[in-house]
**Student:** 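Before we start, here is the structure in question, set down as structure tokens.
Whatever order the structure lists them in is the order used to number ligands and atoms, beginning at 1.
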Amino acid sequence: MKGVMAACASDTGLVRKRNEDSYFVGGSCIAVADGMGGHNAGEVASSIAIETVESNTALLETGEMEPAECVREANLRVLEAASSDSALSGMGTTLTLAVWDDADIKVAHVGDSRAYLVSGGTIQRLTDDHSVVGEMVRSGALTPDEAHSHPGRHAITRALGFVEDLEVDQGTWGFGPGDVVLLCTDGLHDVVSDQEILEAVMAKSGDGPEAICEFLVAVAKERGGPDNITVAAAMRPS
Ligand code: MN
């Protein structure tokens with residue numbers, strides 16, 4: 001736990017009027033959420049998801065609560081808020097949450113916000129996109145290259161705010177000295193490739209996680225910033 005540095009950067013981008021992404025950095029947790037819904041409902045949904053992480057940080061840190069359990073609680077809170085206010089009905093959000101200890105990192109997620117692990121000069125995607133296109137790639141119907149420009153790539157198949165009994169993916173990976181775990185919403189990974197994310201992390205890791213996050217947000221904006229962009233990173237010094 002000691003020694004890990006974490007940071008986040010978030011930007012509305014150049015096309016959208018509002019930033020409906022939310023994020024959290026605190027304790028031994030980082031999280032990003034990408035809200036959807038009319039008016040400001042997407043913003044409300046992603047904020048509720050992130051507030052749920054924030055209120056459970058102590059339990060997540062001690063391992064008393066699994067990250068996936070926290071994601072399920074966030075889902076129930078989003079559903080509850082939507083059912084109590086008709087203006088919020090139909091709102092939803094992604095949530096990707098990473099929690100580390102002295103040796104490992106656990107990642108739980110629902111939706112198409114991703115987690116990556118950069119270790120030993122290579123990048124590994126830790127999450128499957130819960131999107132129509134993501135499922136087509138996993139079934140072999142599309143190549144990752146075809147998926148990148150597919151017009152249906154934003155159609156999400158799983159998100160918080162739709163069903164009570166939500167299936168949440170969770171995994172555990174080694175998180176050793178020099179490793180960087182990076183979370184991002186689709187506003188980054190739609191316009192910046194995995195290889196470019198790796199190169200950015202390698203180039204900027206000497207300046208710390210804040211420099212990594214800010215650099216990647218700037219690259220997404222150079223590419224037109226078509227969506228809200230949020231990047232969170234945790235780095236264990238070598
Ligand atoms: Mn987005």
**Student:** Yes or no on side chain to side chain contact (heavy atoms under 4.5 Å, CB included) for S119 and Q124, after CA distance, side-chain angles and deciding distance?
**Tutor:** CA-CA 8 Å; S119 179; Q124 183 186 358; over 6 Å; no

**Student:** Tell me whether R153 is salt-bridged to D186, with the criterion being a basic N under 4.0 Å from an acidic carboxylate O.
**Tutor:** no

**Student:** Within a radius below 2.8 Å of the Mn ion (ligand 1), how many protein N, O or S atoms are present?
**Tutor:** 3

**Student:** Are Y23 and V231 packed together at the side-chain level, in the sense that at least one heavy-atom pair is separated by less than 4.5 angstrom?
**Tutor:** no

**Student:** Return yes if some donor-acceptor pair links the side-chain N/O of H109 with the main-chain N/O of V168 below 3.5 Å, else return no.
**Tutor:** no

**Student:** Distance-only criterion, 3.5 Å: show the donor-acceptor pairs between side-chain atoms of residues 221-228 and protein atoms not counting sequence neighbours.
**Tutor:**
from	atom 1	to	atom 2	distance (Å)
K221	NZ	D11	OD1	3.4
K221	NZ	D11	OD2	3.0
R223	NH1	V191	O	2.7
R223	NH1	E196	OE1	3.2
R223	NH1	E196	OE2	3.4
R223	NH2	E196	OE2	2.8
D227	OD1	R16	NH1	3.1
N228	OD1	E20	N	2.8
N228	ND2	T12	O	2.9
N228	ND2	R18	O	2.9

**Student:** Distance only, no hydrogens: is a donor on one side chain within 3.5 Å (strictly under) of an acceptor on the other, for T230 and D21?
**Tutor:** yes

